[in-house]
Amino acid sequence: MSTNTDLASMFHTMATILEIKGESGFKVNANTKVARALEDLVEDVASIPDLTSIPGVGKSSATKIQNYLKTGQMIEFEALRNSIPSGLLDVMRVQGLGPKKVRQLWQEADVIDIATLRKAIDDGRLDTLPRMGKKTIENISEALAFVETSGNRTRIGIAMPLAESIIQSLQEQPGITNIAFAGSLRRGKETIGDIDILASTENPMALSDAFCTMNNVAIVQAKGETKCSVRLESGMQVDLRVVDKSKFGAALLYFTGSKEHNIILRERAIKQHKKLNEYELEPSNTSDTEEAIYADLGLPFLPPEIRENRGELLCDQIPNLITLQDIRSDLHCHTTASDGHMSIEELAMHAIARGYHTIAVTDHSQSQGQANGLKPKRLLQHIEAIHTANAAIDAITILAGSEVDILQDGTLDYEDELLAKLDIVVASPHAALSQSSSEATARLLKAIEHPLVHIIGHPTGRIINKRKGLEPDIPALIAAAAQHNTALEINANSYRLDLRDTHLKAAVDGGAMLSINTDSHRPVDFEQLRYGILTGRRGWLTPEKCVNCFTHDKLIAWLRRN
Ligand SMILES: [Zn+2]
Ligand SMILES: [Zn+2]
């Protein structure tokens with residue numbers, strides 16, 4: 001699966017570079033098509049004998065993929081990447097800058113990375129460029145400031161599959177007894193600085209050799225029997241630490257963190273006249289597993305996601321945190337009626353395969369022109385089509401819904417009369433995401449209080465590492481959501497994860513209902529659910545507080561509550 005993701009991201013990157021270089025739309029599209037085909041592929045690409053049998057994959061792309069599968073390298077990819085300044089791809093992270101604008105900045109203003117972009121704005125070089133008004137430059141400057149402060153952290157949606165594939169490949173090495181990733185990745189944080197891997201083995205040399213010669217290693221920074229560090233071609237740093245099997249638990253606890261959690265644990269140990277460090281808990285023989293260490297300190301096992309010193313040592317009983325298996329429905333998904341790539345029936349089949357009792361079809365509303373949002377007449381036809389599919393497919397309930405825009409002033413993008421015909425309304429902000437905090441609060445409150453709205457989709461509209469999104473008064477939203485029985489969404493897409501973890505605990509404590517949805521546009525998007533679950537767990541979310549965990553009848557009753 002991760003090979004598919006790696007290859008898809010390479011083809012996407014090639015498409016972007018070709019576009020920055022001003023190559024023909026045909027070449028760009030061909031690469032994008034292959035990337036998407038790989039993303040949608042259910043089976044491992046390496047297991048397919050004839051790659052041209054994949055729709056969208058031509059002969060030359062098939063050869064590129066084959067070479068990568070054989071050698072771990074793709075010459076065309078390397079050549080393209082070396083044909084532009086490497087920092088230009090970082091410039092693409094600035095919200096509002098597409099390949100065409102980046103090309104203009106590069107060719108006409110000598111922008112080659114984030115730093116030179118800032119310089120070009122400051123010294124007025126951009127003022128004289130065509131199609132670059134004062135307002136545009138202001139917007140770029142603001143978006144750039146966000147990228148500058150968000151630093152070099154990688155989204156969990158990239159880091160997690162990467163870490164898993166590294167572990168999978170190392171697991172096969174002789175002599176391995178334990179191996180796991182630690183750090184903020186294990187705690188399920190939305191972005192990750194670097195990947196920490198911890199292992200115990202009877203053959204440290206074989207493990208360090210295997211680690212340092214993995215396919216995607218660009219530079220080996222350190223190589224020893226207890227510690228190795230490499231930088232991958234993607235720029236990601238990965239550290240491997242090898243510890244004695246009897247101390248694996250202590251080391252895993254230490255390297256999983258957080259620092260703040262480790263400090264309060266150490267203080268607890270000291271009070272009990274014990275000593276806890278990265279190697280062991282003394283005096284005792286319980287350093288081989290985390291469970292044993294917690295038990296020795298008189299604590300239950302604390303899930304990694306809540307090790308943030310947010311009260312986890314103080315509470316009598318750790319709540320039963322939500323898991324993937326608790327999810328019984330997905331209430332925010334798109335079809336080909338707007339900007340999705342699945343028909344209603346395909347969407348239903350994927351949901352059935354996941355064991356859901358209910359799936360909601362929530363395509364975009366009329367204001368979302370670029371996403372092919374539905375005008376009222378089309379929505380009425382769509383509702384009919386969904387009802388027909390629902391009647392034809394017994395194994396699942398298909399809800400007719402909409403992801404209706406919350407307009408700038410808080411009104412919704414359809415009349416109430418039309419909204420009342422829907423089984424479910426997810427109301428989301430998409431435009432005007434830089435309005436003031438007070439405007440944003442008023443806007444979202446209006447939607448929360450609307451009797452026909454069930455869920456507020458991605459409440460702030462932030463995009464991780466790219467867009468700050470709205471900054472409403474979160475406690476006010478939580479109070480209103482609890483009062484009106486409107487659920488706040490955790491959008492599981494790893495670009496969004498909105499509501500974010502830090503807002504979630506307040507929402508859970510404040511009695512609001514939550515909803516974890518994948519916002520799937522393609523089959524592969526369903527896989528993102530786990531990031532929503534991790535985020536929910538970081539906010540101490542239990543299945544009782546999440547509408548997606550309701551039984552069928554309870555969910556339907558909740559939808560009809562007004
Ligand atoms: Zn949306
Ligand atoms: Zn959506």
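Everything numeric in this text was worked out from a predicted model, so none of it was measured. All ligand and atom numbering here is 1-based and tracks the order in the structure. Each residue takes its place number in the sequence, starting with 1.
Per residue Asp519, closest N, O or S atom to the Zn ion (ligand 2): atom name OD1. Of all N, O or S atoms in Glu403, the one lying closest to the Zn ion (ligand 1) is OE2.
The distance from the Zn ion (ligand 2) to the nearest N/O/S atom of His334 is under 2.8 Å. Between the Zn ion (ligand 1) and His458 there is an N/O/S contact shorter than 2.8 Å. When distances to the Zn ion (ligand 1) are checked against a cut-off of 2.8 Å, His332 contributes no N, O or S atom below that limit.
Each of Ile192, Asp194, Ile156 was compared with Ser184 under the side chain to side chain contact (heavy atoms under 4.5 Å, CB included) criterion, and only Ile192 meets it.
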Under 3.5 Å, sequence neighbours excluded: what are the donor-acceptor pairs made by side chains of residues 445-452?
from	atom 1	to	atom 2	distance (Å)
His450	ND1	Leu452	N	3.0
His450	NE2	Asp416	OD1	2.9

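The minimum heavy-atom distance linking Leu347 with Phe526 is given by the pair CD1-CZ, 3.9 Å.
Electrostatic pairing of Lys505 and Asp509 counts as a salt bridge here, judged by a charged N lying under 4.0 Å from a carboxylate O. Remark: Lys189 does not engage Glu308 in a salt bridge, criterion side-chain N to carboxylate O under 4.0 Å.
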